[in-house]
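A short worksheet on the structure shown next.
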Amino acid sequence: MKNTFVILLGTLLLMSSCSDFFELERPQETQWTTTSTLEQGLSAAYWNLHWTGGMGRGCPQYFDFITSGTANLLDGVSVGVSYSQPYYRMFDQKLNESKETWTKGYQIITLANLALDLDREGNGNPFKLDVNSDDYLHNYKRQIAEYRFLRGYTYFYLIKYFGTPYDPDGNNESLSIPLKTTAAYSKEDVMNEKLGTVKEVYDVVIGDLQYAKDNLPEQYTLNSWNDVPGYECGRGNKIIAAALLGKVYFLTGKHDLARQEFDYVINYAEQTGRYGLEDPQAPFIEEKAAVRPLESIWEFNSGQLDGKSEKHNMYVYYGMIMGLRFRDSNGSAFYNVPESQEGIVMSSWNCFTVGYWALKQMGWMADPENGDYAITSAAESDLRYRQVYHLMLPYEKGIRKGDEKYITNESVDSHAQVATPHVYLDKFFRGEKPYGRYSKYPYIRLADLYLQRAWLRWKSGDVQGAVGDMNKVWNRSNPDRPNRYNSSNVDHTAIFNEYLREMTGEGWTVDFMMGTRMPIPAGDATGNTVVNPPYAGWHWPVPDEETSLNPNY
């Protein structure tokens, strides 16, 4: 059975913020007459979030990684996506991905607003359901909360991509992106969309995520048309909404509120056992929608419910550009045989590895900036380095798949100019044969929240609390060297370096930097400079298709 995220026939015709405009019929007069048909909008919205190049498929993780100063651009490599502009932080230039990010994001928002208008105009029960029925309690109410969750997340992503960064010490009154909490039903509505200030957009984000937290269940109660294993994969729930709300508060400097949300999620995890820390590779090696790794709070849904897909484009596209393996890899182990789609397959599309600056910060490479590329004993004994990162030595011509050196030396022709050792991210395409390309990966992980809470505790003077959170994360990956941290060695730098070891390449590094108000490092990119708060100019231009049609720009 196909994943419920697949766009169903008859889904509403979508539109972006400003596009080719026409009268849009209200859904209550056409498709949306039951909870099963209301699901059509959610299916389309989740599709846009997970499986389109602008909002999903690793795009958020990719842009965070290569702008953060933690990536290294390999010599002589180029790919068919925007790579030099974000790596060199050319924020005044147009990106290939911006139009799709904008279009798909506003399609999600439009679908959410249509559903929320329907709910409002129908006094919370437009389908005249029995308010004590499972269909109302477990389907309709949850669906409306999911639409709020999707709208909140999407505005959060769009404002980070296209808007001036939030300044906790500023008024945040600069205009940013179109802000709409109701759908446009005429061409005139669309052509006169109000631009929200940075503050106004974040207020909507926070309001939507708070509503989602208050109204989504911790776990779904499935019945009738949605009672299929894996239905929940990639969808919002109460715990996900709280975790995301905490991240929004963290980024915007509302630290007390962020800590409350992280406390809520972590306490829930520890008390229920529904979430917990496990082997570092565990969140990256599962492919079946019905099986959620213990540490994954919110996941990317990579395909059908059984972990495979009939469509070739459901894999994490950007994982091949920022990770070790190609989409045809199968299995977590380094199973290396000559067959082209068996075992591990090195990505010839890869453009980025973990930066030398970052590796020095992490304590995993001796002194790469001065030519000493030796891997340290600290790295060799850390399960994270051993399980989700991988060292590759310089290029050697003539190595073929199946050769012993295939997994130790660069061999693909596109890497012929790579003359120094590099450490790769190895967090993608880890699923077992034959579903490697459809492997899931986490959007939000429990370890991330422990480390953010550690910083919040340290900042507020609760050093012992910070030590406890740091050691929880450290001990999981260093069982032979437990309890590294104590009150004398926990500070911002220690927490940041631990965050790099844990979270590099997962999409939240810049948020951590901005949330702690630290300088964003130049990293390995020649010509880049350190970017200090308030990070002015750190956003991409709004697409021409929008600015040319919306008179409010």
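Quick caveat: nothing in here was measured; it's all calculated off a predicted structure.
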Test log, rule side-chain contact (heavy atoms from CB on, under 4.5 Å), inputs Phe65 and Thr504: CA-CA 7 Å; Phe65 180 47; Thr504 293; 3.7 Å; yes
Do Glu286 and Ser439 have a side chain donor and acceptor closer than 3.5 Å? no
Restricting to pairs with a member in residues 421-432, which pass salt bridge (Lys or Arg N to Asp or Glu O under 4.0 Å), not counting sequence neighbours? Arg325-Asp426, Asp426-Arg430, Lys427-Glu506
Counterpart residues, side-chain contact (heavy atoms from CB on, under 4.5 Å), relative to Ser414 (two or more places apart): Ser348, Val412
By side-chain contact (heavy atoms from CB on, under 4.5 Å) - contacts of Gln61 (at least two apart): Met322, Tyr441, Tyr443
Partner residues of Phe162 under the ring-ring contact (aromatic ring centres under 6.0 Å, His included) criterion, sequence neighbours left out: Trp102
Phe149 vs Tyr153 aromatic rings, parallel, tilted or perpendicular, using cut-offs 30° and 60°? parallel
Output every pair passing salt bridge (Lys or Arg N to Asp or Glu O under 4.0 Å) with a member in residues 412-423, not counting sequence neighbours, ordered by first then second residue. none
Minimal non-hydrogen separation, Asp328 against Val345, with atom names: O-CG2, 3.8 Å
Less than 4.0 angstrom from a charged side-chain N to a carboxylate O is my criterion; do Glu287 and Arg437 meet it? no
Is a donor from one side chain sitting under 3.5 angstrom from an acceptor on the other, for Tyr211 and Arg148? no
Taking ring-ring contact (aromatic ring centres under 6.0 Å, His included) as the definition, give me every residue that meets it alongside Tyr166, ordered by chain and number, with sequence neighbours left out. Tyr202
Is there a side-chain contact between Met365 and Lys360, using heavy atoms and a 4.5 Å cut-off? no
Report yes if the distance between the aromatic ring centroids of His422 and Tyr356 is under 6.0 Å, otherwise no. yes
Identify every side-chain donor-acceptor pair in residues 240-252 under 3.5 Å, counting partners at least two apart or on other chains, and give the distances.
residue: Lys247; atom: NZ; partner: Asp448; partner atom: OD2; Å: 2.5
residue: Thr252; atom: OG1; partner: Val248; partner atom: O; Å: 2.8
residue: Thr252; atom: OG1; partner: Tyr249; partner atom: O; Å: 3.3

Side chains of Glu146 and Tyr46, donor plus acceptor under 3.5 Å: yes
Are Arg292 and Glu299 ion-paired here, with the side-chain N under 4.0 Å from a carboxylate O? no
Partners meeting side-chain contact (heavy atoms from CB on, under 4.5 Å) with Asn350 (sequence neighbours left out): Leu74, Ser347, Thr353, His415, Tyr424
Taking the six-membered ring of Tyr499 as reference, does the cationic atom of Arg501 (NZ for Lys, CZ for Arg) lie under 6.0 Å from its centre and within 45° of its axis? no
Please state whether the rings of Trp357 and Phe496 are parallel, tilted or perpendicular, taking 30° and 60° as the class boundaries. tilted
Non-neighbouring partners of Tyr389 that pass ring-ring contact (aromatic ring centres under 6.0 Å, His included), sequence neighbours left out: Trp364
Inter- and intrachain pairs under salt bridge (Lys or Arg N to Asp or Glu O under 4.0 Å), touching residues 149-176, at least two apart: Arg151-Asp208, Lys160-Asp511, Asp167-Arg517
For residues 532-543, the side-chain hydrogen bond (donor to acceptor under 3.5 Å, both in side chains) pairs (sequence neighbours left out) are none
So, do Tyr87 and Phe352 have ring centers that fall under 6.0 Å from each other? yes
Do Tyr106 and Leu158 make a side-chain contact, defined as non-hydrogen atoms from C-beta onward lying under 4.5 Å apart? yes
Taking side-chain contact (heavy atoms from CB on, under 4.5 Å) as the definition, give me every residue that meets it alongside Gln417, ordered by chain and number, with sequence neighbours left out. Asp75
